[in-house]
Amino acid sequence: MSSLTLKWYIPFFILSALHLGAILNQQDNLTDFTKPLLVLSLFVVVGLIRPSSQKEILGYRLLSLALVFSLFGDIFLLSEYRYGLPFMFYLGLAAFLAAHIFYIVLFSNFGQIKISKYWSILYAIYLGLFMTLLYPGMGLSLKIPVTIYGVVLTLMAWYSWRSVHAITKNNLIIVMGSLLFVASDSVLAYNRFKFPIPYSGFIIMLTYLAAQFLITYGVIRHFAKEKYIV
């Protein structure tokens, strides 16, 4: 396998900086142009890798599928926001739901999960409290898909703990990425269904981009089994 260091992520870093700057400066054209390219640039990095075993082939396929469905989710949500198409929100939700399922399957192949029952309880409590905050004023047609998504998202974050014991030196990179994904979606949901959050667009994308990068970087690090530049 060819060595992959942070230099391979330079396009992603540049696109992320452009995108976040465009959000702050309200440059909608640049925001719309860069958004589909963000996760796509991570997908390209994964595509540069030549797996050396069947386990790696499966792992990278699962990672690629998660990134592809995340890309679809980005496009659907962007279309819903720009063109006022409500059904695009549900398509975006379904796309990210699929992405999280692929992440769960990917993480489940890392080995047996070893996480404190207290951490598991904290995950469950967070999900319960957040859904309790969202439910008031939300119709049943929205409660059901949002609840399903919230459960799967939380499971994805919980399953990411398998990486801690599968990677040298108990690496927490993937766990950090999964928690940032939860943070990003939590801000998005609260901002959309409850009260506006200042700079919500910037916060959502900052945490989302960090999440996708850390998960991708962590998974590649896991399969490469070599030291990376941090």
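Source: prediction; values computed, not measured. We use all heavy atoms of the structure for the numbers below, so side chains are in, but hydrogens, waters and symmetry mates are not.
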Subject >> Separation of L127 CG from L122 CG (nearest 0.5 Å) >> reply: 12.5 Å

**OP:** Kindly indicate whether the side chain of D185, heavy atoms from C-beta on, has any atom under 4.5 Å from the side chain of H100.
**Re:** yes

Subject >> Face-on cation placement of K143 at Y135 ring, 6.0 Å and 45° thresholds >> reply: yes

**OP:** Step by step, work out the side-chain contact (heavy atoms from CB on, under 4.5 Å) result for D74 and L38.
**Re:** CA-CA 9 Å; D74 285 340; L38 296 165; 5.5 Å; no

Original post:
Between OH of Y103 and CD1 of I174, what distance do you get to the nearest 0.5 Å?
Top reply: 9.5 Å

Subject >> Non-hydrogen side-chain atoms of M205 and I23 separated by less than 4.5 Å >> reply: yes

**OP:** Heavy atoms only: give me the nearest K194-L134 pair and the separation to one decimal.
**Re:** CG-CD2, 3.9 Å

Original post:
Are the aromatic ring centres of Y208 and F181 under 6.0 angstrom apart?
Top reply: yes

Original post:
Hey, are the side chains of I101 and F69 touching, using non-hydrogen atoms and a 4.5 Å cut-off?
Top reply: no

Original post:
Is the Y217 ring parallel, tilted or perpendicular to the Y9 ring (thresholds 30°, 60°)?
Top reply: perpendicular

Original post:
Minimum heavy-atom separation for L180 to A210, with atom names?
Top reply: CD1-CB, 3.7 Å

Original post:
Same hydrophobic cluster for F43 and I14, using side-chain heavy-atom links shorter than 4.5 Å among ILVMFWY?
Top reply: no

**OP:** Kindly give the heavy-atom pair with the smallest separation between L40 and P36, and that separation in Å.
**Re:** CB-O, 3.4 Å

Original post:
Is a side-chain N or O of T31 found less than 3.5 angstrom from the main chain of Q27, in a donor-acceptor match?
Top reply: yes

Original post:
Would a hydrophobic clustering, with Ile, Leu, Val, Met, Phe, Trp and Tyr connected at side-chain separations under 4.5 Å, put L24 with I203?
Top reply: yes

**OP:** Quick one: do L20 and L209 satisfy side-chain contact (heavy atoms from CB on, under 4.5 Å)? Show the steps, please.
**Re:** CA-CA 10 Å; L20 294 172; L209 292 173; 4.3 Å; yes

Subject >> CZ (F202) with more than 12 external heavy atoms under 6.0 Å >> reply: yes

Original post:
Between atom CD1 of I57 and atom NZ of K55, what is the distance when rounded to the nearest 0.5 Å?
Top reply: 13.5 Å

Subject >> Nearest heavy atoms of P51 and E56, plus distance in Å >> reply: CA-OE1, 3.4 Å

**OP:** Report whether V152 and M156 are members of the same hydrophobic cluster (ILVMFWY, side-chain heavy atoms less than 4.5 Å apart, transitive linking).
**Re:** yes

Original post:
Under 4.5 Å between side-chain heavy atoms, hopping through other hydrophobics if needed: is there a path connecting L78 to F89?
Top reply: no

**OP:** Check the surroundings of atom CZ in R82: do more than 12 heavy atoms from other residues, nucleotides or ligands lie under 6.0 Å from it?
**Re:** yes

Original post:
Is L97 close to L93 at the side-chain level, that is, under 4.5 Å between some pair of heavy atoms?
Top reply: no

Original post:
What about F13 and F213, are their ring centers closer than 6.0 Å?
Top reply: yes

Subject >> CZ (F72) with more than 12 external heavy atoms under 6.0 Å >> reply: no

Original post:
Would you call Y83 and M88 a side-chain contact if the rule is heavy atoms closer than 4.5 Å?
Top reply: no

Original post:
For F76, does the CZ atom have more than 12 heavy-atom neighbours from other residues, nucleotides or ligands under 6.0 Å away?
Top reply: yes

**OP:** Please work out whether the ring planes of F130 and Y126 are parallel, tilted or perpendicular, with thresholds of 30° and 60°.
**Re:** parallel

Original post:
Minimum heavy-atom separation for L67 to V46, with atom names?
Top reply: CD1-CG2, 3.9 Å

Original post:
Can you tell me how far the CD1 atom of I10 sits from the NZ atom of K7, to the nearest 0.5 Å?
Top reply: 8.5 Å

**OP:** Using a 4.5 Å cut-off on heavy atoms from C-beta on, say whether the side chain of F96 contacts that of L77.
**Re:** yes

Original post:
Once you round to the nearest 0.5 Å, how far does OG of S184 lie from CG of L179?
Top reply: 12.5 Å

**OP:** Please indicate whether N29 has more than 12 foreign heavy atoms, meaning atoms of other residues, nucleotides or ligands, lying under 6.0 Å from its CG.
**Re:** no

Subject >> Residue pair S163 / V175, side-chain heavy-atom distance below 4.5 Å >> reply: yes

Original post:
Taking a hydrophobic cluster as the set of Ile, Leu, Val, Met, Phe, Trp and Tyr residues connected by side-chain heavy atoms closer than 4.5 Å, whether directly or through intermediates, do Y159 and W119 fall within one such cluster?
Top reply: yes

**OP:** Given side-chain contact (heavy atoms from CB on, under 4.5 Å), test L206 with Y199 step by step and report yes or no.
**Re:** CA-CA 11 Å; L206 178 63; Y199 299 102; over 6 Å; no

**OP:** To the nearest 0.5 angstrom, please state how far the OG1 atom of T154 sits from the OH atom of Y149.
**Re:** 10.0 Å

Original post:
Can you name the closest pair of heavy atoms from A211 and G177 and give their distance?
Top reply: CB-O, 3.1 Å

Original post:
For L142 and Y90, what are the C-alpha separation, side-chain angles and deciding distance, and is it a side-chain contact (heavy atoms from CB on, under 4.5 Å)?
Top reply: CA-CA 9 Å; L142 195 56; Y90 291 97; 3.5 Å; yes

**OP:** Could you tell me whether a side-chain N or O of N191 sits under 3.5 Å from a main-chain N or O of V187, the two making a donor and an acceptor?
**Re:** no

Original post:
Would a 4.5 Å heavy-atom cut-off, applied to side chains only, mark S160 and M176 as touching?
Top reply: no

